[in-house]
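The first residue of the sequence shown is numbered 1, and numbering continues consecutively from there.
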Amino acid sequence: MHRLAYEDLLYSRFRNKDMEGGLSVIKEMLAGGVPVRQHYLYPVLTQLAEKNDLDGACHVLKLMINHEITLEVPHFQYILRSCLGSDVSRPKIARMLTEKFSEHKIDLGQDINCLAQVCCDFNRVDAAAEFLEAADKEFILPQRFLRSVAKKGELREGIPVEKLSAMKIFKLVANLPETFNTLPYYAGLFLLRNTEKSFQSLSPFLSSLEAFFTMGVRIDDPRVYSAILRLCLSKRDFSVFMQVDNWQF
């Protein structure tokens, strides 16, 4: 059967919300050597996410990996939604997903970067940090997720979980060649995005800044100077400039 005929059949199955039938058609295409495009799997993964069927989503993920179908951000978004359900703050999701991947014999390889990016997009920087810590360092491609880390890691007064997770990721990739030129930019973006969270206290902002200097990351974004000045003015405390000077900003 020609690919276009299969597409018509798939459309018919999905229009009637027959996801199992649609998945059977996809498997038939794969068995017959008919090209399967990434978006063919979206309707199946959507329904699995709505049902919080993580096992079903992992089955589809393994099918894609086994047949070398390129995994993209939307695929991992559905996987994460299958895991989280309606509770984005659900604890220990990295452990849950790791156990499921192991159970289904799924090895993500370099696709771990895509999963890390999606975790950050969901504001689960903690899960991204756990995945990357456990990953083969040769597989880590920081450009895929550093922007998301910089935007999503938040400084929370009294609850620095996201901040600590974000700093852990920055430390993980600080010495990788791919980050040599861009890490100062992302580090500066991280600090700037979190400045508003720091107006009640200078210490969270400064501890992050000091941590970057300890990693050997010299931030040259002049906006960070402005942010420090605004913080100092709001607190009428300019001693921070002495600290910054000591760190050779």
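Considering OG of Ser82 and CG of Leu45, their distance stands at 7.0 Å, rounded to 0.5 Å. Here the CZ atom belonging to Phe131 is positioned 12.5 Å from the SG atom belonging to Cys114, to the nearest 0.5 angstrom. Distance check, rounded to the nearest 0.5 Å: CD of Gln47 to CE of Met19 gives 4.5 Å. Rounding to the nearest 0.5 Å gives a distance of 11.5 Å between CD of Glu99 and NE2 of His104. The structure places CD of Gln38 at 8.0 Å from CD1 of Ile69, a figure rounded to the nearest 0.5 Å. Taken from CD in Gln143 to CG in Leu176, the straight-line distance is 10.0 Å, to the nearest 0.5 Å.
Looking at heavy atoms from C-beta onward, Val125 lies out of side-chain contact with Cys119 at the 4.5 angstrom threshold. Counting only heavy atoms from C-beta outward, the side chains of Phe14 and Val44 approach each other to under 4.5 Å. Inter-residue side-chain proximity for Leu23 and Leu41 is flagged as met; some heavy-atom pair is nearer than 4.5 Å.
In the hydrophobic cluster analysis, where Ile, Leu, Val, Met, Phe, Trp and Tyr join through side-chain heavy atoms closer than 4.5 angstrom, Leu10 is grouped together with Leu30. In the hydrophobic clustering of ILVMFWY residues, with side-chain heavy atoms under 4.5 Å counting as a link, Leu141 and Val149 come out apart.
Residues passing the side chain to side chain contact (heavy atoms under 4.5 Å, CB included) test with Gln117 are Val73, Asp121, Arg144, Phe145, Ser148, sequence neighbours excluded. Partners of Arg90 according to the side chain to side chain contact (heavy atoms under 4.5 Å, CB included) rule, which considers only residues two or more places apart in sequence or in another chain, are Leu84, Asp87, Ile93, Met96. Residues passing the side chain to side chain contact (heavy atoms under 4.5 Å, CB included) test with His2 are Leu4, sequence neighbours excluded. Listed by chain and residue number, Asp55 satisfy the side chain to side chain donor-acceptor pair (under 3.5 Å) test with Lys100 (two or more places apart in sequence, or in another chain). Residues forming a ring-ring contact (aromatic ring centres under 6.0 Å, His included) with Phe170 (at least two apart in sequence, or on another chain): Phe190, Phe212. Applying the side chain to side chain donor-acceptor pair (under 3.5 Å) rule to Thr46 yields the partners Tyr78; only residues at least two apart in sequence or on another chain are considered. Scored by the side chain to side chain contact (heavy atoms under 4.5 Å, CB included) test, Leu71 finds Leu61, Met64, Ile65, His75, Phe76, Asp111 as partners (sequence neighbours excluded). In this structure Arg3 satisfies the side chain to side chain donor-acceptor pair (under 3.5 Å) test together with Glu7, sequence neighbours excluded. Applying the side chain to side chain donor-acceptor pair (under 3.5 Å) criterion to Tyr11, with sequence neighbours excluded, gives no partner residue.
Of all non-hydrogen atoms in Gly21 and Asp18, the two that sit nearest each other are N-OD1, 2.9 Å. Heavy-atom minimum distance, Lys168 versus Ala129: CD-CB, 4.1 Å. Nearest approach of Pro35 to Met29, heavy atoms of both residues: O-CE, 3.5 Å. The minimum heavy-atom distance linking Pro184 with Val217 is given by the pair CA-CG1, 3.9 Å. A pairwise comparison of heavy atoms in Val173 and Thr179 identifies O-OG1, 2.8 Å as the closest pair. Contact detail for Glu130 and Ala94: the closest heavy-atom pair is OE1-CB, 3.6 Å.
Counting non-hydrogen atoms of neighbouring residues, nucleotides and ligands closer than 6.0 angstrom, the CD atom of Glu68 reaches no more than 12 such neighbours. Residue-environment remark: NZ (Lys62) exceeds the threshold of 12 foreign heavy atoms within 6.0 Å.
Asn113 contributes a side-chain N or O that, together with a main-chain N or O of Phe139, makes up a donor-acceptor pair within less than 3.5 Å. Judged purely by atom type and a 3.5 angstrom limit, Asp107 uses its side chain to pair as donor or acceptor with the backbone of Gly109.
Residue pairs meeting the side-chain hydrogen bond (donor to acceptor under 3.5 Å, both in side chains) criterion with at least one member in residues 20-32, sequence neighbours excluded: Tyr6-Glu28, Lys27-His59. Pairs engaging residues 132-142 under the side-chain hydrogen bond (donor to acceptor under 3.5 Å, both in side chains) rule: none recorded [sequence neighbours left out].
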Go through the steps for Leu54 and Leu97 under the test side chain to side chain contact (heavy atoms under 4.5 Å, CB included), then give the verdict.
CA-CA 9 Å; Leu54 182 55; Leu97 282 172; 3.8 Å; yes

